[in-house]
Amino acid sequence: MKLLYHGPLYKGATALQRAEAFQRNPDIATEVLDTGAAPWVRPSLYHRIRNKLQFPVDRFDENRRIVERVRQVRPDVVIVDNSRQMDLGTLKVLRNLGVRKLVFYTPDDILSRYNITFQLRRNFPEWDLVITTKTFHLEEMKAFGVRRVFLAGNAYDPAVHHSLTPEEVGPEYEHFDAVFIGAHEPERRNSINALAESGVSVVVYGANGGWAGQSLHPGVTLRPSQFAAEYTRCIHHGKIALGFLRKISRDLITQRSIEIAGMARPMLAEKTTEHDAHLVDGEEYVGFADDRDLVDKARMLLSDDARRRAIGAAAYRRCLTSGYSVYDRGVQMLEAIAALPERGAPAGRPS
């Protein structure tokens with residue numbers, strides 16, 4: 001099988017981790033095509049307005065470039081990772097060029113009003129498979145004409161997310177009581193302030209993600225967002241890694257939940273059915289119900305070094321035994337793709 005993977009391939013992107021996992025698989029030949037998107041590539045005011053109107057501009061010329069690349073490499077399968085401005089006409093051209101299976105992957109709540117686009121509404125029925133990490137999408141996508149949906153679990157990349165020693169991290173190894181890496185949401189801010197008010201020192205990496213200008217307790221240290229190897233190093237700056245869910249995305253678990261486990265860090269996270277399905281509460285992570293519970297359990301973990309280490313080690317073992325690596329998840333996706341019937345595959349490959 002020859003595969004073309006199209007997604008945001010900047011250093012630290014989960015799309016890059018997925019693409020590299022496919023490239024390591026000896027059973028397929030994988031080509032990649034970068035969308036050009038990255039957190040530091042800020043859209044103009046015009047582009048932001050178009051995004052709010054759910055009709056984004058193809059500012060990285062993705063539609064033309066993916067057609068050109070398919071003509072060059074002639075893949076059997078194209079996976080588009082979360083691109084929201086792919087035109088329906090482009091997908092039909094790709095199929096006419098000999099692509100036998102078109103697959104869309106999304107780690108986001110792609111159906112929310114913040115993410116859905118006119119282009120997605122039109123092209124959803126054209127995909128042979130939509131892969132999602134959200135359980136609630138399995139039913140919701142039927143209303144958008146999606147033919148087949150596959151639920152893929154969140155993953156960690158062992159090449160990026162692994163345990164580091166104090167020597168590898170440096171002088172700030174577990175310097176803070178708790179660490180959080182992620183974008184701002186009011187609920188997250190309130191929870192972090194509650195921790196700080198109780199005397200727990202917290203470092204937040206995410207100043208680029210809306211935290212600047214928020215009313216943070218003086219006990220909270222705010223620093224810039226971090227990616228890839230620096231992200232892993234900074235997670236080790238806290239004795240506890242905080243696992244807040246993104247309310248705007250209706251999250252019940254996140255990629256970060258599994259990444260923290262893959263780094264063997266003790267995680268204190270919002271208790272949900274999906275967290276509990278992946279990690280045992282009290283043994284492989286600690287779940288909290290509200291801010292008071294958060295503070296109480298943070299204090300409990302901070303008072304017991306041995307228990308923290310045991311929870312982190314157990315979480316890592318669970319990642320190994322349950323196949324949570326990005327490579328394992330990629331194998332599962334490939335099996336789902338291989339099982340798809342070919343739809344409208346042309347007899348030849350026109351130029």
Side-chain angles (χ1 to χ4, degrees), residues 133-136 151 153-156 158 161-166 169 173-182 185 187-188 190-204 231-232 234-247 249-325 328-329:
T133 62
K134 310 296 185 187
T135 52
F136 46 81
L151 180 66
N154 290 284
Y156 77 105
H161 312 115
H162 48 264
S163 179
L164 298 176
T165 65
V169 174
Y173 180 86
E174 296 193 351
H175 175 74
F176 297 91
D177 293 326
V179 58
F180 177 68
I181 297 182
E185 281 193 342
E187 296 85 355
R188 294 174 171 183
N190 294 340
S191 294
I192 286 171
N193 281 343
L195 283 172
E197 287 166 6
S198 75
V200 174
S201 62
V202 185
V203 60
V204 174
Y231 164 85
T232 296
C234 291
I235 282 287
H236 289 73
H237 287 174
K239 297 180 180 71
I240 302 166
L242 299 172
F244 295 119
L245 301 174
R246 196 157 173 77
K247 304 301 184 294
S249 299
R250 300 183 288 169
D251 283 342
L252 296 172
I253 191 171
T254 69
Q255 190 90 343
R256 188 176 296 106
S257 305
I258 305 303
E259 292 169 352
I260 292 170
M263 291 183 250
R265 301 304 296 162
M267 181 173 68
L268 179 55
E270 296 180 54
K271 184 173 178 63
T272 66
T273 54
E274 290 191 31
H275 270 147
D276 287 349
H278 287 78
L279 301 165
V280 177
D281 188 3
E283 297 178 17
E284 297 165 341
Y285 93 109
V286 174
F288 69 89
D290 52 34
D291 287 350
R292 177 174 293 182
D293 196 30
L294 168 66
V295 170
D296 290 344
K297 287 178 176 174
R299 286 173 171 165
M300 175 271 293
L301 287 170
L302 291 169
S303 69
D304 193 337
D305 294 350
R307 185 174 184 188
R308 289 201 313 274
R309 288 194 295 271
I311 289 171
Y316 176 63
R317 288 194 298 271
R318 179 64 180 273
C319 287
L320 297 178
T321 58
S322 294
Y324 292 165
S325 77
D328 292 326
R329 300 302 199 191

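These figures come from a predicted structure and were not determined experimentally.
Using a 4.5 Å heavy-atom cutoff, the side chains of His161 and Arg265 are not in contact. Counting only heavy atoms from C-beta outward, the side chains of Glu270 and Phe288 approach each other to under 4.5 Å. Taking the side chain as every heavy atom from C-beta outward, Ile240 and Val200 never approach each other to under 4.5 Å. With contacts defined as side-chain heavy-atom distances shorter than 4.5 Å, the pair Arg307/Met300 qualifies. His162 has its side chain within reach of Leu164: a pair of non-hydrogen atoms, C-beta onward, lies under 4.5 Å apart. Counting only heavy atoms from C-beta outward, the side chains of Arg246 and Thr254 never approach each other to under 4.5 Å. By the 4.5 Å heavy-atom criterion applied to side chains, Phe244 and Glu185 are not counted as neighbours. Residues His236 and Met263 have side chains in contact (heavy-atom distance under 4.5 Å, counting atoms from C-beta outward).
Of the residues Asp177, Leu294, Asp291, the one that meets the side chain to side chain contact (heavy atoms under 4.5 Å, CB included) test with Leu195 is Leu294.
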**Prompt:** Under the salt bridge (charged side-chain N to carboxylate O under 4.0 Å, His left out) criterion, do Glu284 and Arg318 qualify, and how do the steps go?
**Reply:** CA-CA 8 Å; Glu284 297 165 341; Arg318 179 64 180 273; 2.9 Å; yes
**Asked** What do the steps show when you test His175 against His237 for side-chain contact (heavy atoms from CB on, under 4.5 Å), and what is the final call?
**Response** CA-CA 6 Å; His175 175 74; His237 287 174; 5.7 Å; no
**Request:** Might you work through the side-chain contact (heavy atoms from CB on, under 4.5 Å) test for Val204 and Leu242, ending with a clear yes or no?
**Result:** CA-CA 10 Å; Val204 174; Leu242 299 172; over 6 Å; no
**Item:** Pair Glu283-Arg317, salt bridge (charged side-chain N to carboxylate O under 4.0 Å, His left out): steps then yes or no
**Value:** CA-CA 11 Å; Glu283 297 178 17; Arg317 288 194 298 271; over 6 Å; no
**Message:** Between Lys134 and Leu252, does the side-chain contact (heavy atoms from CB on, under 4.5 Å) criterion hold? Intermediate values first, please.
**Reply:** CA-CA 8 Å; Lys134 310 296 185 187; Leu252 296 172; over 6 Å; no
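Ser322 and His278 are not linked by any side-chain donor-acceptor pair at a separation below 3.5 angstrom, with hydrogens and angles left out of the test. Residues Asn154 and Tyr324 have side chains that never bring a donor and an acceptor to within less than 3.5 angstrom of each other.
The heavy-atom pair separating Ala269 from His275 by the smallest distance is CB-CE1, 3.7 Å. Counting all heavy atoms, side chain and backbone alike, Ala241 lies closest to Ile235 at CB-CG2, 4.4 Å. Closest non-hydrogen pair, Val203 versus Phe176, comes out as CG1-CD1, 3.6 Å.
Cation-pi geometry between Arg188 and Phe180 is not satisfied (NZ or CZ under 6.0 Å from the ring centre, within 45° of the ring normal).
At least one donor-acceptor pair under 3.5 Å links the side chain of Gln255 to the backbone N or O of Ala155. Counting only distance, with no hydrogens or angles, the side chain of Arg308 and the backbone of Leu301 share a donor-acceptor pair below 3.5 Å. Glu187 places no side-chain N or O within donor-acceptor distance of the main-chain N or O of Lys247, the cut-off being under 3.5 Å.
Atom CZ of Arg292 has 12 or fewer neighbouring heavy atoms from other residues, nucleotides or ligands inside a 6.0 Å radius. Counting heavy atoms of neighbouring residues, nucleotides and ligands inside a 6.0 Å radius, atom OH of Tyr316 does not exceed 12 of them.
Atom CG in Leu279 sits 6.5 Å away from atom SG in Cys319 (nearest 0.5 Å). Note: Thr273 OG1 to Lys271 NZ = 9.5 Å, rounded to the nearest 0.5 Å. Taking CD1 from Ile181 and CD from Glu259, the interatomic distance works out to 9.5 Å, rounded to the nearest 0.5 Å.
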